Protein chains: 2
Amino acid sequence: MGAMDDEAFMRLALREAEAAGAEDEVPVGCVIVDRKAGKVIAKAHNQRETLKDPTAHAEMIAITAAAESMESWRLEECDLYVTLEPCPMCAGAAALARIRRVVYGASDPKAADLRLNHRVELVGGVMAAECGGILSGYFRGKRAVK
Amino acid sequence: MGAMDDEAFMRLALREAEAAGAEDEVPVGCVIVDRKAGKVIAKAHNQRETLKDPTAHAEMIAITAAAESMESWRLEECDLYVTLEPCPMCAGAAALARIRRVVYGASDPKAADLRLNHRVELVGGVMAAECGGILSGYFRGKRAVK
């Protein structure tokens with residue numbers, strides 16, 4: 001599939017963006033395509049205000065829906081189309097989901113750095129031994145089983 | 001509230017991590033505290049396998065639950081405690097939610113770079129004019145109303 005398909009799928013994402021705008025949400029839309037089956041498995045639009053949920057970006061809702069459709073969190077055969085360049089949360093989610101290809105429309109100069117909007121104070125190492133110990137115990141157990 | 005409180009809240013997050021381990025999930029736990037009210041408003045643990053959802057990290061579930069509890073996506077008076085250093089998706093979500101303070105336990109040397117695990121092909125500029133136009137139209141409309 002080539003550039004023509006990219007435009008066709010982006011057009012569907014744009015329709016989702018329009019649906020967001022009609023709900024007075026920032027108009028961003030997303031579709032996820034199963035390349036093997038050659039079909040759209042998830043469509044979503046930004047619903048942050050409607051759901052009062054800071055994680056309810058179009059991509060996040062679409063990724064969760066696509067995983068449900070595939071009955072797996074691994075979306076290795078899938079491409080994601082989104083009308084706006086993904087923020088770090090959504091780019092991170094796409095990587096975690098092992099999405100093959102992320103195709104976006106408009107660039108977002110602010111996408112790369114959420115800290116421009118809000119700076120979170122970050123503190124590490126609180127009860128690090130206990131918190132790390134439960135993880136190493138878990139992975140040790142996994143290796144023992146294999 | 002000081003370091004004693006941090007340990008007390010991290011201990012609750014650890015309990016959540018234990019609950020994840022009991023479900024054979026990677027044991028990571030999270031709690032979110034409303035500092036104004038001085039109480040825990042959300043507890044969650046990693047449920048990626050159970051929910052078959054790549055976005056179902058402890059922090060993401062907790063942030064969505066906290067926003068539901070506060071009836072707002074703005075968690076400006078909230079601190080997030082998590083047993084493992086957040087990945088970019090979760091760190092991004094905390095920033096989007098305007099969380100005041102993220103406190104973590106164990107460090108994760110892989111946290112900073114999801115690309116170590118999986119490299120997503122990124123393509124930008126597909127139908128950029130249409131995708132950007134719907135956004136600028138939306139924001140122009142917002143300014144006109146004010």
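Everything numeric in this text was worked out from a predicted model, so none of it was measured.
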Quick check: is [Y] connected to [X] through a chain of hydrophobic side chains (ILVMFWY, heavy atoms under 4.5 Å apart)?
| X | Y | answer |
| --- | --- | --- |
| L12(A) | I134(B) | yes |
| V40(A) | L14(A) | yes |
| L51(B) | M60(B) | no |
| V82(A) | Y138(B) | yes |

Mind ranking [options] by heavy-atom pairs under 4.5 Å with chain A and telling me who comes out on top?
| options | result |
| --- | --- |
| A56(B), A97(B), G125(B), C90(B) | G125(B) |
| L75(B), D79(B), V103(B) | V103(B) |
| S107(B), G132(B), S72(B), A20(B) | S72(B) |

So which residues of residues 61-71 of chain A are in contact with chain B at a heavy-atom cut-off of under 4.5 Å?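 I63(A), T64(A), A67(A), E71(A), listed by number.
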Mind ranking P54(A), A106(A), G133(A), A128(A) by heavy-atom pairs under 4.5 Å with chain B and telling me who comes out on top?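 Greatest number of close heavy-atom pairs with chain B: P54(A).
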Atom CE in M127(A), atom CE in M10(B): separation rounded to 0.5 Å?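 It is 8.0 Å, given to the nearest 0.5 Å.
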State the SG-CZ distance between C131(B) and R11(A), to the nearest 0.5 angstrom.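 The SG atom of C131(B) sits 9.5 Å away from the CZ atom of R11(A).
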Quick one: side chains of residues 21-33 of chain B, donor-acceptor pairs under 3.5 Å with protein atoms, not counting sequence neighbours, listed by atom name and distance.
| from | atom 1 | to | atom 2 | distance (Å) |
| --- | --- | --- | --- | --- |
| E23(B) | OE1 | H45(B) | NE2 | 3.2 |
| E23(B) | OE2 | H45(B) | NE2 | 3.1 |
| D24(B) | OD1 | K142(A) | NZ | 3.0 |
| D24(B) | OD2 | K142(A) | NZ | 3.1 |
| E25(B) | OE1 | R48(B) | N | 3.3 |
| E25(B) | OE1 | E49(B) | N | 3.0 |
| E25(B) | OE2 | E49(B) | N | 3.1 |
| E25(B) | OE2 | T50(B) | N | 2.5 |
| E25(B) | OE2 | T50(B) | OG1 | 2.5 |

Please examine the side chains of Y104(A) and L122(B), heavy atoms only from C-beta on, and report whether any two atoms are closer than 4.5 Å.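 Yes, at least one pair of side-chain atoms sits under 4.5 Å.
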Heavy atoms, side chains only, cut-off 4.5 Å: are L135(B) and L84(A) in contact?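 SC-SC contact between L135(B) and L84(A) confirmed.
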Mind jotting down which residue pairs meet the salt bridge (Lys or Arg N to Asp or Glu O under 4.0 Å) criterion with at least one end in residues 121-137 of chain B? Sequence neighbours excluded, please.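 Those involving residues 121-137 of chain B are R101(A)-E121(B).
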Mind jotting down which residue pairs meet the salt bridge (Lys or Arg N to Asp or Glu O under 4.0 Å) criterion with at least one end in residues 12-21 of chain B? Sequence neighbours excluded, please.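 For residues 12-21 of chain B, and leaving out neighbouring residues, there are no salt bridge (Lys or Arg N to Asp or Glu O under 4.0 Å) pairs at all.
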To check you understand the geometry: which heavy-atom pair defines the closest contact between I99(B) and V120(A), and what is its length?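 So the two residues come closest at O-CG2, 3.6 Å.
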